[in-house]
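Okay, structure first, notes after.
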Amino acid sequence: MTRPLTDNMEIFAGLIVLIACCCSLLISNGNEIGGCSQTNNFFQYTNYRTSYHFQPSRNWINDPNGPMYYKGFYHLFYQYNPLGAVFGDIMIWGHSASYDLINWFHLNHALCPSEPYDINSCWSGSTTILPGSKPFILYTGIDANGRQVQNLAMPKNLSDPLLKEWVKFSGNPVMTPPNGVKKDDFRDPTTAWQGSDGEWRVIVGSRSNNQGIAILYRSKDFMHWTKFQNPLYSSERTGMWECPDFYPVSINGTKGVDTSVLNPSVKHVMKASFNSHDYYMLGTYNPQMEKFFPLTDFEGTSSDLRYDYGKFYASKTFFDNVKNRRILWGWVNESDSRQDDIEKGWSGVQSIPRQIWLDINGKQLLQWPVEEIETLRGKQASIDDKKLESGSVFEVSGITASQVDVEVVFELPELEEADEFINPGLVDPQLLCNDKNALIPSRLGPFGLLALATEELTEQTAIFFQIFRGHNRFVVLMCSDQSRSSLRKDVDKTTYGAFVDIDPRQEKISLRSLIDHSMIESFGGGGRTCITSRVYPQLATDKAARLYVFNNGTLGVVISSLNAWSINEARIGEEESFKV
Ligand code: DQQ
C-alpha cells in the first residue's frame with residue numbers, strides 16, 4: 001500500500017526534526033560533529049554537584065545567614081535566588097534544618113520581599129536567641145528606593161522547632177542609613193550581644209570615606225535601636241565591610257562561648273568580608289568605650305589573617321550550646337563561568353561547617369570540620385611509615401577518590417637540609433606558590449596530595465607543602481595548585497597559597513582534605529591554614545578520579561600515617577524525604 005504524499009512528507013519532516021534534534025543534542029553533549037569543538041555537557045555538570053556539602057537542589061546561593069541551634073535542630077538560612085542560577089535582582093532567605101549539621105532538609109523560604117522596606121530583596125543578616133528561647137532575625141532589606149535598611153522578623157510559632165514561618169516586625173525598618181553613609185553601604189547586621197547593663201548591641205557593615213566600618217547600634221528591647229556615636233571599629237586599609245562577625249573565643253581550649261560572654265578568659269574576633277576574602281583580627285573589646293582594640297589592624301597586605309586562603313566568603317559563626325563549640329560556615333563560589341552556571345542550573349556551595357577556636361599561642365584561629373562529618377565515613381585506606389623518595393607518586397587505592405576525607409601526616413627526616421628561604425622583605429605566599437608550583441622541585445617539597453587526578457596525571461589538583469630554612473626558624477608554605485586541575489580551558493585555575501605557622505622541628509606536618517567532586521577543602525597543620533578550591537575536571541570525575549601522595553622534592557619525606565575514607569552521600573533534600 002502506498003502512503004499519500006502528505007503522509008510521506010510528514011514522515012520526512014519528522015525525520016529532519018529528529019536528525020536536527022539528535023545533532024543539536026550531540027553537539028550540546030560535547031561530541032565532535034563536523035568540526036564542532038568539544039563543549040561542556042550536562043553529564044559533566046552533574047559530576048560537579050557535591051555529595052556531602054550543603055547545596056539546595058537548584059539555583060544560585062551565596063552567603064550563609066543566621067545559622068543557629070533551636071530546640072533539637074540546626075538551622076541554616078542562606079541567600080537564595082529562587083528564579084535562577086545567577087545572583088538575582090530579588091534575593092530571598094532560603095531555609096533548611098538538620099539534626100546533625102550534615103544531613104539537611106529544605107523548608108519553606110523564611111523571608112521573601114513583601115513590604116516597602118524589603119520589596120527589592122532580603123539580604124544577609126543574623127539570628128539572635130533572646131532569653132526564653134526566642135529567636136529573632138535581623139536582616140538587610142533593600143527598600144522601594146534601593147536603600148539598605150535593617151529589619152526584624154520573629155517566628156510565628158515558637159513551639160515549632162522547625163520555625164517554618166516568620167513574621168516581619170510591624171515597626172520595620174529598625175535602622176536606616178545614618179548621615180554620612182550612602183544608601184547602599186549599610187548592610188549585614190551581626191548576631192547581637194548583651195552587655196552587663198542588659199542592653200543589646202549589634203554591628204552593621206558599612207564604609208565611610210572609603211574606610212570599612214562596623215557601625216554600632218544599641219537597644220534595650222531589641223526593637224528600638226540607637227546608633228552609638230562611634231563605630232565599634234573602622235579600618236583605613238579596606239573598602240566596604242560586608243558580613244561583619246564579632247564574637248568572643250576562649251583563651252584556653254577549643255570550647256566556644258556564647259556571643260555575649262565578656263571576661264578575662266576570652267579574646268574577641270572581628271571578621272569582615274572585603275576584596276572577595278574573609279579577613280579577621282584578634283583583639284580586646286572594651287565595653288566602657290564601646291571599642292574593639294585589635295592586636296594588629298588590617299594592613300592591606302598578604303600578612304592579614306584570613307579564615308581561608310582559597311574560595312570562602314561572607315562567612316558567619318554561631319555558638320552551638322549543645323556541644324559548646326563555635327561553628328563557622330562560609331559561601332564557596334563557583335570558579336566556572338556564569339554561562340556554565342546557567343547550563344548546570346545551580347551555583348554556590350556552603351563549606352563544611354567548621355569548629356573554630358583560638359590557637360594556644362593566641363596569634364590565630366584554628367578550624368576543623370565538625371566531628372559529625374565522620375558519620376559519613378565508609379571504606380578506609382591506610383598507609384603507615386612509608387618513605388616517599390624524591391620524584392615518587394603513590395596511589396591511595398581502595399576508596400572513592402571523588403568523595404573522600406583524607407588525612408596525611410608527614411615526617412621530615414632531612415629537615416635541616418631544606419633550602420634557605422631568601423626573604424628580601426614581605427613575601428606574598430600566593431605568588432610564591434605560583435612560582436614554585438607542584439612540578440618545580442626544591443629540596444623539601446613540593447610534597448602532598450594529588451586530588452581528583454587521572455591515572456596519567458593529566459588532570460590533578462596538587463595540595464602541597466614546601467619547607468624552607470629561615471633565620472632561626474623554618475618557613476612552611478602550603479599551596480593548592482589548580483593549574484592542572486582540568487583539561488577544560490574555560491575555568492579559573494588560580495593557585496592559592498599561605499604560610500603555616502608551625503615549627504616542623506616540634507611537630508609533624510599534617511594535611512586533611514575533604515574532596516567532593518568539584519570542591520576541595522584543605523586544612524594544613526591541624527587547621528592552622530585552610531584553603532578551599534573549586535575544580536572542574538573533565539576526566540577525573542566519579543569512578544575515574546584517583547588520589548595520590550607525591551613528593552617532587554629532591555629530599556625524601558616519610559608518610560608517618562595516612563588515613564582516607566570514602567565519604568557516603570549526605571541526605572540533603574526535601575522534608576518529605578526525611579520522613580520514614
Ligand atoms: N551578599 C548579600 C549582601 C552581602 C553580600 C547579598 C556578601 O547582604 O553584603 O546577597 O556576599
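When a ligand or atom number is given, it counts from 1 through the structure's own listing order.
At a 3.5 angstrom cut-off on N or O pairs, E242 counts as close to ligand 1. The distance criterion of under 3.5 Å between nitrogen or oxygen atoms is not met by W331 with respect to ligand 1. The shortest N or O to N or O distance between W123 and ligand 1 is not under 3.5 Å.
Taking every heavy atom of Y313 and a limit of under 4.0 angstrom, the matching atoms of ligand 1 come to 7 (C), 11 (O). Those atoms of ligand 1 with a heavy atom of A314 less than 4.0 angstrom away are 11 (O).
Counting only heavy atoms of the protein, atom 10 (O) of ligand 1 lies nearest to Q79 OE1, 2.7 Å. Atom 9 (O) of ligand 1 has its closest protein heavy atom at D188 OD2, 2.6 Å. Protein heavy atom in closest approach to atom 7 (C) of ligand 1: D63 OD2, 3.1 Å.
The proximity of T140 to ligand 1, defined as any non-hydrogen pair under 4.0 Å, does not occur for either the backbone or the side chain. The proximity of S124 to ligand 1, defined as any non-hydrogen pair under 4.0 Å, involves the side chain as well as the backbone.
Not a single donor-acceptor pair under 3.5 Å links the side chain of Y78 to the backbone N or O of P56. Between the Y536 side chain and the S485 main chain, no donor and acceptor come within less than 3.5 Å of each other.
The one candidate from Y247, Y233, Y285 that meets the ring-ring contact (aromatic ring centres under 6.0 Å, His included) condition with F292 is Y233.
Here CD1 of I463 is found 6.0 Å from CD1 of I515. Values are rounded to the nearest 0.5 Å.
Side chains of K168 and S114: a donor on one and an acceptor on the other come within 3.5 Å. There is no side-chain donor-acceptor pair under 3.5 Å between R338 and S347.
Within the 6.0 Å centre-distance limit, the rings of F298 and F274 are counted as a close aromatic pair.
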